[in-house]
Amino acid sequence: MESEQTILEIEQLVVDVMMMIQHEFGSEYDNKLSSNQQMIIYLIGRHDVKYVKDLAFHLNISPSAVSQLLSKLEQLGLVKRSLDEKNRRTVPFELDDEGDLLLEHMEHTRQTIISRYLMKIPREDLIHFRDVYKQLRDIMIEEKEGKNV
């Protein structure tokens with residue numbers, strides 16, 4: 001019972017922290033881009049996710065919703081379509097020069113926001129925090145891979 005309560009508290013804290021970071025991060029861009037548009041830029045630029053169906057999977061939204069988001073990003077000059085020589089029916093996306101600059105700015109902003117808070121935590125606690133988060137990520141990856149086998 002005590003363990004369940006601790007898990008509920010951790011879950012609520014994680015949600016609270018992520019919402020506060022997202023709010024602070026989002027206000028940095030004056031809501032010019034939605035969080036899904038920001039995530040598309042991140043996925044394309046840092047995780048090499050290029051196709052509508054893959055972006056839809058990562059964002060957990062429909063491919064048509066991703067297409068609409070990409071169209072807006074394309075109009076803003078942040079992404080561009082490229083040619084897939086192997087499969088001419090699919091259209092991969094990549095960041096345009098403005099998208100690359102925006103991604104670098106977004107990452108710098110995120111690092112600045114998070115560092116401002118994490119620097120106030122003692123080093124030993126940060127190391128433990130990192131290790132526990134890494135352990136959680138590894139468990140999640142292992143579980144996910146187990147389901148895909």
Side-chain angles (χ1 to χ4, degrees), residues 1-81 91-149:
M1 203 57 122
E2 186 178 316
S3 182
E4 289 177 15
Q5 182 60 34
T6 302
I7 290 170
L8 287 173
E9 289 175 18
I10 291 169
E11 187 267 338
Q12 186 60 54
L13 289 167
V14 167
V15 170
D16 289 349
V17 167
M18 294 309 298
M19 285 175 42
M20 287 187 276
I21 289 171
Q22 183 59 37
H23 178 75
E24 191 169 340
F25 184 81
S27 65
E28 180 74 21
Y29 297 97
D30 299 324
N31 298 321
K32 292 177 185 166
L33 295 180
S34 70
S35 50
N36 277 344
Q37 288 170 319
Q38 293 172 22
M39 185 57 74
I40 285 174
I41 289 182
Y42 179 76
L43 288 169
I44 292 172
R46 292 297 179 253
H47 288 277
D48 204 31
V49 179
K50 301 177 180 198
Y51 298 98
V52 170
K53 69 178 175 77
D54 298 325
L55 290 165
F57 171 79
H58 285 288
L59 294 171
N60 201 26
I61 61 176
S62 71
S64 64
V66 170
S67 292
Q68 290 175 3
L69 293 167
L70 284 166
S71 291
K72 178 69 174 171
L73 292 172
E74 199 172 17
Q75 290 171 4
L76 294 170
L78 299 172
V79 299
K80 62 184 175 184
R81 298 168 194 266
V91 181
F93 283 84
E94 60 187 359
L95 294 184
D96 215 336
D97 293 340
E98 285 295 315
D100 283 326
L101 290 172
L102 178 62
L103 178 58
E104 285 186 34
H105 180 70
M106 286 169 46
E107 287 182 327
H108 176 74
T109 301
R110 187 192 73 241
Q111 289 168 358
T112 300
I113 291 168
I114 292 173
S115 292
R116 179 175 46 222
Y117 301 116
L118 291 180
M119 294 300 285
K120 296 179 180 185
I121 297 174
R123 180 166 166 63
E124 289 177 11
D125 291 343
L126 280 176
I127 290 168
H128 184 68
F129 182 73
R130 178 205 60 205
D131 292 346
V132 169
Y133 245 69
K134 183 180 183 306
Q135 184 179 9
L136 176 61
R137 184 206 58 203
D138 292 348
I139 289 169
M140 293 172 80
I141 289 170
E142 188 176 299
E143 289 282 324
K144 182 179 177 184
E145 288 173 354
K147 288 181 181 177
N148 291 334
V149 173

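These numbers were taken from a predicted model, which means no experiment stands behind them. These numbers come from the heavy atoms of this one structure, side chains and all, not from hydrogens, waters or symmetry mates.
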Can you tell me how far the [atom1] atom of [X] sits from the [atom2] atom of [Y], to the nearest 0.5 Å?
X    : Y    : atom1 : atom2 : value
L102 : Q38  : CG    : CD    : 7.5 Å
L69  : N36  : CG    : CG    : 6.0 Å
Q37  : L78  : CD    : CG    : 8.5 Å
Q68  : S62  : CD    : OG    : 7.5 Å
L55  : H47  : CG    : NE2   : 11.5 Å
R130 : R137 : CZ    : CZ    : 11.0 Å

Is the shortest heavy-atom distance from the side chain of [X] to the side chain of [Y] under 4.5 Å?
X   : Y    : answer
K80 : F93  : no
I41 : L33  : yes
R46 : L103 : yes
D96 : V79  : no

Do you know the tightest heavy-atom contact between [X] and [Y]?
X   : Y   : result
V49 : I44 : O-CG1, 3.2 Å
G77 : E98 : O-CB, 3.4 Å
P63 : V52 : O-CG1, 3.4 Å

Using distance alone, with no hydrogens and no angle criterion, decide if Q12 and D16 have a side-chain donor and acceptor under 3.5 Å apart.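 Per modelled atom types, Q12 and D16 side chains form a pair under 3.5 Å.
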
Heavy-atom count check: over 12 atoms from other residues, nucleotides or ligands less than 6.0 Å from [X] [atom1]?
X    : atom1 : answer
E9   : CD    : yes
N60  : CG    : no
H128 : NE2   : no

Under the criterion side-chain contact (heavy atoms from CB on, under 4.5 Å), I'd like the reasoning laid out for D54 against L43: C-alpha separation, chi angles, the key distance, then a yes or no. CA-CA 10 Å; D54 298 325; L43 288 169; over 6 Å; no

Would you check, one step at a time, whether the test side-chain contact (heavy atoms from CB on, under 4.5 Å) holds for M140 with E143? CA-CA 5 Å; M140 293 172 80; E143 289 282 324; 5.7 Å; no

